[in-house]
Amino acid sequence: MYGSATEITIAANAAGLRDLAEQLMSLADPELRDGYHVHLEGGINLEDGSISLILERDDKV
């Protein structure tokens, strides 16, 4: 994942894209409450050198 002041690019292989899709599907679960979020960190659950990403459920948007 990399970006600029105006855009973010998420680049992943097929397995990474499936993992991201699963994370997003989990956030869409009707049992979860507003504000639930997941932190993805470079070198932990993202490739080394990636910037951190927070996926958050916000039912107000």
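Numbers here simply count residues along the sequence, with the first being 1.
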Kindly determine whether Leu53 and Ile8 satisfy side chain to side chain contact (heavy atoms under 4.5 Å, CB included), including the steps that lead there.
CA-CA 10 Å; Leu53 175 66; Ile8 298 293; 5.8 Å; no
Interatomic spacing from [atom1] in [X] to [atom2] in [Y] - rounded to 0.5 Å:
X	Y	atom1	atom2	result
Ile44	Ser52	CD1	OG	8.0 Å
His39	Glu56	NE2	CD	8.5 Å
Ile51	Glu41	CD1	CD	11.0 Å

For residues 26-33, tabulate all N or O donor-acceptor pairs below 3.5 Å that involve a side-chain atom, not counting sequence neighbours.
from: Ser26; atom 1: OG; to: Glu22; atom 2: O; distance (Å): 3.0
from: Asp29; atom 1: OD1; to: Glu31; atom 2: N; distance (Å): 2.7

ILVMFWY network linking Leu55 to Leu17, side-chain heavy atoms under 4.5 angstrom:
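In one cluster with Leu55: Leu17, no.
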Would one find more than 12 heavy atoms of other residues, nucleotides or ligands at under 6.0 Å from atom CD of Glu47?
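Check fails, neighbour count at 12 or below.
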Between Leu40 and Ile54, is any pair of side-chain heavy atoms under 4.5 Å apart?
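No, their side chains stay 4.5 Å or more apart.
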